[in-house]
Each structure stands twice: as C-alpha cells, then as structure tokens.
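Below: one structure, written as structure tokens.
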There are 2 protein chains.
Amino acid sequence: MAKTHYSRFDCQPGCSVEAAVSLISGKWKCVVLWYLLEEETLRFNELRRRIATITQRMLTNQLRELETDGLIHREVYAQVPPKVEYSLTARGRELTPILMALKAWGDAHIDLFGNNGTAGKPFTAASSAEV
Amino acid sequence: MAKTHYSRFDCQPGCSVEAAVSLISGKWKCVVLWYLLEEETLRFNELRRRIATITQRMLTNQLRELETDGLIHREVYAQVPPKVEYSLTARGRELTPILMALKAWGDAHIDLFGNNGTAGKPFTAASSAEV
DNA sequence: GCCGGTAGTATCAAAAAGGATACCATGATG
DNA sequence: CATCATGGTATCCTTTTTGATACTACCGGC
C-alpha cells in the first residue's frame, strides 16, 4: 500500500516541500509522531490505546510507512508474547521544527476549523531539547 | 469536493498539527503556494503554465480549496476575456515558516526520494521578508 | 466565419486511502 | 480446557482523490 509519494517529482519549485509534506500527510501520522516525540518509546498497543479511534490495520499501516520513510525505528524483541517498540529516528526527530511550525499555525488559526479545545496543550516533548 | 479535512477532530495531541497539514496536503497545493509566495500575484493560466503537468480541473480544484481555507485570495475582474488574479492572504503568508521548514527538511533528506535536482533552488519569495 | 486565448464546468473513470471485520500463533493465567 | 493479551495479516468494501476528456461563453484578429 501507499509508496506513491515517491513516484512523481517533476521537481518544480516546492518539490522538496511537497515531498516532505507527503511523508506526514497520512491520516494519523502526525499524532503518532507527536506521541513518539513526547514519550520517546512506545509499544504497539500503547500507541493504540493512546489513539483509541484508530484501527489496528491503520496503525500498522501508518507505522510501516513511517518506518519505510526512515522516520521511526521499529525494535522487535523475540519474546512471547511479542514486544515491539517504536521510537523516532534522528531523521524523525528533525521533523520537530516542522511539527512546531504547524502547531503554531494551527493553534493561531484554530478558528478556521470550527474547533474548540486542543489549542491549549503546550508542547513538552522530551526530545525537543536536542533539536 | 473535499472539505473533509474539517470533519474529524478527536483533538488528541497533534490535532492542530493535523489540521494544518490537511490544508496543504493536496497534491499541488504546495507548488501553488510556493509560486504565489515567489510572484505575489498570478493569473489562472499563468499558474497553469508554470505547473505544466497539472490539469485545468485540478488547478481549479486546488485553488478553490485554498481559497475556502482562507489561504489565497481570488480577485475577479469583470472583463472579457476574463481575468482572475490569485494571491496569498495574510493567513496564507503566515505559512511561510512552515514551508521553509518543510523545504529545509526536504532538501536535507532529499536522498530519501531517489531524487536529484531541485534542492538547489534558493527560496527567494518576495514576501518572505515581512514574516 | 474560424481560430485562439480567457477561466472555467461537467462527466466519467481509475487509483489511492481509509474503515470494518475476522483471523493467526504463542504463552501465561484461571 | 477456555480466555486474555501480544502484534500483527487478510479480505472486502466505501469514500476520497486524482486524472482524462470534452464542453461552455465571450471577444479580437485574420
């Protein structure tokens, strides 16, 4: 599934922008990235419980794509029951300024969305310091 | 068409990020925004010629969505032949830091895309100064 | 009278993304 | 022996997005 985001690059101005956007534009990717920024390392079901409305298939899906794109790392422990830990790669952590800029803009223009809450929550990712 | 990006806001962490992403994640939106940042004002067919591989339908489409989202302004001149000018709104211009961050990341990790050119082109938007 | 350029619409089809549901192996627990 | 939790797959279906193509009205130029 997916993988289309690699395919077209006429390389007009804005091409690398588009490329970067395509990596985070999955329906749940931002949320996943955000959690991983905040909590460093999470197991599959920990993520699932945090997101709640996501289906198992979609979580697997988004995680696989993020992994393929080199944004997150997947560590499998050969145990039973299985244990799989997800964390950001260096490349993933470098998205922080983007996520921050997006959040800043989103919070500033939250009125656009007929929205209410959320804007409040301050960003406190443990790893934001190192970027 | 579209409009779905308003619909779901479970408002988990990252929600406003997701909201912002959804506004620029159309297939051609970044390119359009980029050109408008660079050239301030462009007519429909001027944009079309610059993008080249876009279809008329998609250009109309993306422009309408950007307009609905308050990112660009559409100025119609009551003449024949018709003349319509597109430009960024203040809100649209505030996306600059986001686009810059995306471009920076994209250029830095351009290897991810099996890509070649593009990275070079420096950002020279006339309006970037005022942000 | 026909052609080109203006800025679009309308219609149909294909592809991609997302959702719902069921299923799997394993080991510990009861 | 049945059940729970782990981290997934597989299958089917619907919605969303994108693409291809044809069409419109108007005017000026040839």
Side-chain angles (χ1 to χ4, degrees), chain A residues 1-10 18 21-32 35-36 41-69 72-87, chain B residues 1-10 18 21-32 35-36 41-69 72-87:
Chain A
M1 184 177 286
K3 190 56 53 63
T4 36
H5 46 272
Y6 291 147
S7 57
R8 36 79 182 165
F9 284 103
D10 347 66
E18 220 189 316
V21 167
S22 73
L23 300 189
I24 58 174
S25 60
K27 173 152 176 187
W28 307 93
K29 289 186 185 172
C30 291
V31 188
V32 170
Y35 274 118
L36 289 180
T41 297
L42 286 170
R43 298 178 60 176
F44 184 85
N45 276 343
E46 287 174 340
L47 271 169
R48 190 144 86 104
R49 275 188 291 269
R50 273 164 184 72
I51 303 186
T53 50
I54 198 173
T55 62
Q56 212 164 14
R57 185 175 97 76
M58 279 310 291
L59 182 53
T60 306
N61 223 303
Q62 304 284 288
L63 288 170
R64 288 291 187 281
E65 287 185 25
L66 289 169
E67 190 196 359
T68 305
D69 294 336
I72 64 173
H73 172 69
R74 178 167 180 264
E75 183 77 28
V76 183
Y77 296 87
Q79 327 180 325
V80 166
K83 173 176 173 180
V84 180
E85 286 186 345
Y86 293 92
S87 55
Chain B
M1 184 175 284
K3 190 56 52 63
T4 36
H5 44 273
Y6 291 144
S7 56
R8 35 81 182 167
F9 283 104
D10 346 67
E18 222 189 313
V21 166
S22 73
L23 300 190
I24 58 174
S25 62
K27 173 151 178 188
W28 307 95
K29 288 185 186 173
C30 291
V31 188
V32 170
Y35 274 117
L36 290 179
T41 297
L42 286 171
R43 297 178 58 174
F44 185 85
N45 276 345
E46 287 174 338
L47 270 169
R48 189 143 85 104
R49 276 188 291 270
R50 273 164 183 74
I51 302 186
T53 50
I54 199 172
T55 62
Q56 212 164 17
R57 186 176 97 75
M58 278 310 290
L59 182 53
T60 306
N61 222 302
Q62 303 285 287
L63 288 169
R64 288 289 186 283
E65 288 186 26
L66 289 169
E67 190 195 0
T68 305
D69 293 337
I72 65 174
H73 172 68
R74 177 166 182 265
E75 184 76 31
V76 183
Y77 296 86
Q79 328 179 326
V80 165
K83 173 175 171 179
V84 181
E85 285 184 344
Y86 292 93
S87 56

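As the structure is a prediction and not an experimental result, all values here were calculated from the model. Protein chains get the first letters and strands the later ones, always in sequence-line order, with residue 1 at the start of each.
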| How close or far is atom P of C:dA17 from atom CG of A:Leu23, stated in whole angstroms? | 12 Å
| query | Nearest to the side chain of A:Arg49 - C:dG8, D:dT6, C:dG19? | reply | D:dT6
| said: Need one value for A:Arg48: base, sugar-phosphate or nothing, where a base atom within 4.0 Å counts as base even if backbone is also close, heavy atoms only. | reply: nothing
| task | Give B:Glu85 one of three labels, base, sugar-phosphate or nothing, depending on what nucleic acid heavy atoms sit under 4.0 Å from its own. | result | nothing
| request: Select base, sugar-phosphate, or nothing to describe what B:Tyr77 touches, counting heavy atoms under 4.0 Å on all strands. | output: nothing
| task | Quick one: pull up CD in A:Gln62 and CD1 in A:Ile72 and give me the separation to the nearest 0.5 Å. | result | 10.0 Å
| What closest approach, in Å, do B:Ser87 and B:Thr41 show between heavy atoms, and which atom pair accounts for it? | CB-OG1, 3.9 Å
| Residue A:Thr55, side-chain heavy atoms: nucleotide from D:dT18, C:dT6, C:dG19 that is nearest | C:dG19
| field | From CG (A:Leu63) to CE (A:Met58), nearest 0.5 Å | value | 10.0 Å
| field | Integer-rounded Å distance: D:dT16 P and B:Gln62 CD | value | 16 Å
| Contact under 4.0 Å: A:Lys27 side-chain N or O vs C:dG19 OP1/OP2 | yes
| request: Respond yes when some side-chain nitrogen or oxygen of A:Arg64 is under 4.0 Å from OP1 or OP2 of D:dT9, and no when none is. | output: yes
| field | Interatomic distance where CD belongs to A:Gln79 and C1' belongs to C:dG27 [whole Å] | value | 12 Å
Find every protein N or O atom lying less than 3.5 Å from an N or O atom of nucleotides 22-27 of chain D, and list the pairs.
none

| query | Looking only at heavy atoms, what is the nearest atom pair of B:Leu59 and B:Phe44, with distance? | reply | CD2-O, 3.7 Å
| Between P of C:dA17 and CD of A:Glu65, the distance in whole Å | 7 Å
| field | Rounded to 10 degrees, the angle between the two terminal axes of the helix from C:dG1-D:dC30 to C:dG30-D:dC1, each from five pairs | value | 20°
| request: Figure out the CE/P separation between A:Met58 and D:dT11, and round it to whole Å. | output: 19 Å
| For B:Leu59 and C:dT9, what is the distance between atoms CG and C1' respectively, to the nearest whole Å? | 14 Å
| task | Identify the heavy atoms of A:Tyr35 and A:Leu47 that sit nearest to each other, and give their distance. | result | CB-CD2, 4.1 Å
| note | Tightest non-hydrogen contact, residues A:Cys30 and B:Val21, listed as SG-CG2, 3.8 Å
| remark: B:Glu46 atom CD is separated from C:dA7 atom P, nearest whole Å, by 8 Å
| field | Value rounded to 0.5 Å, distance of OG1 in A:Thr55 from CH2 in A:Trp28 | value | 8.0 Å
| What is the distance, rounded to the nearest whole Å, between atom CG of B:Asn61 and atom P of C:dT9? | 10 Å
| query | For the atom pair CD (A:Glu46) and CD (A:Glu85), what is the distance rounded to the nearest 0.5 Å? | reply | 8.0 Å
| remark: Nearest heavy-atom contact between B:Ser22 and B:Lys29 is O-NZ, 4.5 Å
| Want to settle it: does A:Ile54 or B:Leu63 sit nearer the 5' end of DNA chain C, counting the closest nucleotide to each? | B:Leu63
| message | I'd like to know if A:Arg57 reaches the base of C:dG18 with its side chain, counting only an N/O donor and acceptor under 3.5 Å. | response | yes
| task | Please identify each residue that fulfils salt bridge (charged side-chain N to carboxylate O under 4.0 Å, His left out) with B:Glu67, with sequence neighbours left out. | result | none
